[in-house]
Protein chains: 4
Amino acid sequence: MNDSVDALPRAGRPRSEQARRAVLEAVDDLLVDVGYAAMTMKGIAERAGVGRQTVYRWWATKAEILIEACVEDAEEELSVKPRTDPEHDLLAYLTALSGFLTSSPAGIAYRALLGEAQHDPAVRDLVRAADPLAPSARRVLDRIRPATPGLPDEPLATAQLIGPVLSHALIAAEPLNTATLRRHAVGLLTAWR
Amino acid sequence: MNDSVDALPRAGRPRSEQARRAVLEAVDDLLVDVGYAAMTMKGIAERAGVGRQTVYRWWATKAEILIEACVEDAEEELSVKPRTDPEHDLLAYLTALSGFLTSSPAGIAYRALLGEAQHDPAVRDLVRAADPLAPSARRVLDRIRPATPGLPDEPLATAQLIGPVLSHALIAAEPLNTATLRRHAVGLLTAWR
Amino acid sequence: MNDSVDALPRAGRPRSEQARRAVLEAVDDLLVDVGYAAMTMKGIAERAGVGRQTVYRWWATKAEILIEACVEDAEEELSVKPRTDPEHDLLAYLTALSGFLTSSPAGIAYRALLGEAQHDPAVRDLVRAADPLAPSARRVLDRIRPATPGLPDEPLATAQLIGPVLSHALIAAEPLNTATLRRHAVGLLTAWR
Amino acid sequence: MNDSVDALPRAGRPRSEQARRAVLEAVDDLLVDVGYAAMTMKGIAERAGVGRQTVYRWWATKAEILIEACVEDAEEELSVKPRTDPEHDLLAYLTALSGFLTSSPAGIAYRALLGEAQHDPAVRDLVRAADPLAPSARRVLDRIRPATPGLPDEPLATAQLIGPVLSHALIAAEPLNTATLRRHAVGLLTAWR
DNA sequence: ATTTAACCGAGACGGTACGTCTTGTCTTATA
DNA sequence: TATAAGACAAGACGTACCGTCTCGGTTAAAT
């Protein structure tokens with residue numbers, strides 16, 4: 001990619017970066033203030049101080065805005081620094097994941113999007129394409145692979161790693177406690193060695 | 001509770017069982033035909049050939065109707081007959097669960113409700129109260145407990161059992177294949193023995 | 001007519017006469033306050049304290065509302081009491097007509113409708129069907145007919161009677177003065193005797 | 001004013017005559033194709049292949065464009081060559097006027113403008129200032145004045161002459177037939193001799 | 001057998017978000 | 001400086017659904 005070079009100067013007024021930022025921030029604010037269901041395109045435009053047409057020009061649905069607003073944050077919040085032994089490595093990741101899904105604005109946005117994906121196939125495709133959890137999970141699994149010869153192929157390894165944490169977050173909207181997460185990490189290593 | 005005994009025959013016209021059935025069936029039909037998002041209280045009433053007030057009199061939201069429409073089916077579809085050895089017992093359950101979540105109308109309804117629960121705390125509470133998955137999971141776990149001394153306490157055991165299958169269904173809307181499910185069952189037994 | 005007998009009681013909540021009156025009065029007010037061009041369906045609904053759907057349910061355009069609001073008034077304001085001699089009869093009518101077109105709210109509404117009719121054939125048809133000026137003109141002409149054997153057939157007689165007054169109102173938005181109106185009446189009688 | 005002499009060559013790019021012509025022609029076309037109400041500044045710019053700002057730079061409203069587009073045509077189409085006797089002179093003029101108002105693009109534009117003038121005082125002032133009908137009417141009246149000692153002062157004479165034709169065109173959007181026009185001419189001469 | 005009360009359908013009510021359209025202004029690169 | 005292109009904030013458009021209300025009519029238990 002080399003957008004700055006390829007970008008030929010198009011005719012007409014260029015897109016306002018200020019308006020783009022205002023919309024993304026408005027979505028973040030509204031998700032926290034009123035929740036996903038009560039968030040409307042009209043409300044987003046008003047909160048952002050932006051015309052409604054400007055929102056519709058660049059995003060078709062609130063899900064599209066939300067996914068753009070949270071992907072970067074997700075990647076950053078789930079990048080845990082490597083530990084020396086596999087158990088601590090897994091535990092650090094599972095802790096970050098559990099906190100992300102239950103406390104972080106980006107994680108709450110992810111849950112909302114995954115919820116909307118159950119209602120709307122278009123949102124499902126967006127979420128699968130963006131896939132905010134998989135990269136970080138894959139990195140952890142790659143790190144522990146030398147110590148886990150029984151590690152299954154995808155998608156099972158990732159599902160076994162994040163599935164229990166994600167499901168609990170979706171059903172209970174609460175984090176699993178640290179002892180439980182450690183127990184889960186140990187169980188995975190037992191199964192995978 | 002003992003509704004059938006306490007229920008003193010009130011004055012006035014009794015509730016129409018016919019209207020109740022029509023609404024529940026309309027919800028099932030509409031979920032398949034147009035999806036959860038496009039399903040409206042107005043549409044449900046029209047499809048059921050019922051006044052809108054009649055719907056609102058008995059259910060506050062479409063989620064309430066949907067949960068009433070699917071809970072019984074869920075319990076039935078996830079009740080697998082016991083197998084003699086733990087691996088086959090787990091595999092039978094995981095297969096039923098995976099099919100339920102991706103193919104069964106009741107399972108699709110459950111996913112829709114779990115999705116809505118991410119947007120609306122009231123729906124979350126409804127889903128947690130009804131809890132269509134946990135009883136069947138608990139029964140399987142109880143059966144294999146003698147052979148799995150390392151079985152963790154709740155909620156981890158259930159989360160490890162159903163989490164990977166549920167997460168995959170929610171993200172991909174596709175079942176895990178049989179080989180993967182068997183691999184998962186074997187992994188669980190390895191971790192839990 | 002016998003609406004009260006013919007009117008079969010339809011199912012459902014009956015139309016609210018209160019809402020109907022509120023809309024018609026809001027239109028009258030707004031025409032005076034902001035003018036026809038700045039009058040919007042949204043504004044009418046808000047001024048009337050009525051839902052927008054309620055307006056659209058009964059009227060397709062603001063022109064339809066306006067015509068319903070002014071037809072009755074027009075008929076009443078243009079009914080002048082007969083005079084004994086033709087000249088005074090004509091003069092009384094021309095004076096009423098000139099004042100109606102330039103001062104009366106109903107007359108201003110009529111001018112607005114006739115203006116809109118130049119832009120929209122549907123409005124033209126509405127105005128022609130309602131035809132607020134013709135009945136009163138016809139009554140005056142019928143009264144003076146015995147004294148005016150040279151009275152032309154329709155539509156010329158009416159056009160000669162009201163055309164000069166109407167045209168002046170449309171172009172100048174001012175009434176013709178009394179002397180001019182008398183001169184016009186005398187001219188008509190000279191031509192028609 | 002003497003634009004052609006005083007106009008010192010201003011700095012910068014001069015106004016594009018091509019763009020001006022394109023706009024005026026687009027307005028004529030659109031009035032016929034879609035009508036006055038559906039004609040928008042945006043649509044005019046697009047039909048003319050011209051930037052929207054260019055339209056707004058030179059005209060404030062579509063009425064201003066329309067009046068510039070039609071005044072000259074009106075003057076030309078209503079200039080009938082003198083006849084020897086007053087009746088034929090009047091009839092020729094009335095026939096031209098009736099056709100102009102109901103068939104000519106410039107006449108349809110005039111009716112649209114007179115319609116808009118009922119909604120917008122600014123347009124009324126524009127129309128009165130341009131006054132496309134009065135000059136031609138005055139010329140005819142001046143020609144027949146020697147034969148009509150009873151010709152009233154303005155504005156009655158003009159109103160009596162054109163009012164019936166104009167009113168009928170505005171209300172019915174159809175021309176008066178030749179016999180009726182002749183009857184009107186005769187009536188005027190009877191009243192005015 | 002009548003009364004009574006809650007049910008039923010239909011559909012209008014005030015309200016509000018939808019996604020589209022046009023308004024008049026502005027900000028680009030180009031001529 | 002004028003131009004074509006096109007993004008901008010604002011706000012009306014007509015439609016859909018929300019949850020409530022008000023009708024006429026039905027049904028079955030209680031009088």
Separation of [N] [atom2] from [X] [atom1] (nearest whole Å):
| X | N | atom1 | atom2 | answer |
| --- | --- | --- | --- | --- |
| Met41(A) | dG19(E) | CE | P | 6 Å |
| Glu46(D) | dC21(E) | CD | P | 11 Å |
| Asp120(A) | dC18(E) | CG | C1' | 15 Å |
| Gln53(B) | dC8(E) | CD | C1' | 11 Å |
| Glu17(A) | dA7(F) | CD | P | 15 Å |
| Trp59(D) | dG24(E) | CH2 | C1' | 16 Å |
| Lys62(B) | dC17(F) | NZ | C1' | 11 Å |
| Arg13(C) | dA12(E) | CZ | C1' | 6 Å |

How long is the straight-line distance from [atom2] of [Y] back to [atom1] of [X], given to the nearest 0.5 Å?
| X | Y | atom1 | atom2 | answer |
| --- | --- | --- | --- | --- |
| Trp59(D) | Leu66(D) | CH2 | CG | 12.0 Å |
| Arg52(B) | Lys42(B) | CZ | NZ | 6.5 Å |
| Arg111(B) | Ile108(B) | CZ | CD1 | 6.0 Å |

Residue Arg52(A), side-chain heavy atoms: nucleotide from dC26(E), dA12(E), dC18(E) that is nearest
dC18(E)
Output the single nucleotide from dT28(E), dG19(E), dT3(F) whose closest atom is nearest the side chain of Tyr56(A).
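Taking heavy atoms from C-beta onward, the closest nucleotide is dG19(E).
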By nearest-heavy-atom nucleotide on DNA chain E, the more 5' of Lys42(A) and Val50(B) is Val50(B)
Identify, between Ser16(B) and Ala48(C), the residue whose nearest nucleotide on DNA chain E lies closer to the 5' end.
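Its nearest nucleotide being more 5', the pick is Ser16(B).
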Judged by each residue's nearest nucleotide on DNA chain F, which is more toward the 5′ side, Met39(C) or Arg20(A)?
Arg20(A)
Would you kindly compare Thr40(C) and Pro14(B) by the position of their nearest DNA chain F nucleotide and give the one closer to the 5′ end?
Thr40(C)
So does [X] get a side-chain nitrogen or oxygen closer than 4.0 Å to the phosphate oxygens (OP1/OP2) of [N]?
| X | N | value |
| --- | --- | --- |
| Trp58(B) | dA6(E) | no |
| Thr54(C) | dG14(E) | yes |
| Arg15(C) | dC13(E) | no |

Any cation-pi pair here, Arg20(D) with Trp58(D), using under 6.0 Å and within 45°?
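The answer is no; the distance or angle limit is not met.
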Parallel, tilted or perpendicular, as decided by the 30° and 60° cut-offs, for the rings of Tyr36(A) and His119(B)
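Plane angle under 30°, so parallel.
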Using a 4.0 Å heavy-atom cut-off, does Gly49(B) contact any base of the nucleic acid, only the sugar-phosphate backbone, or nothing at all?
sugar-phosphate
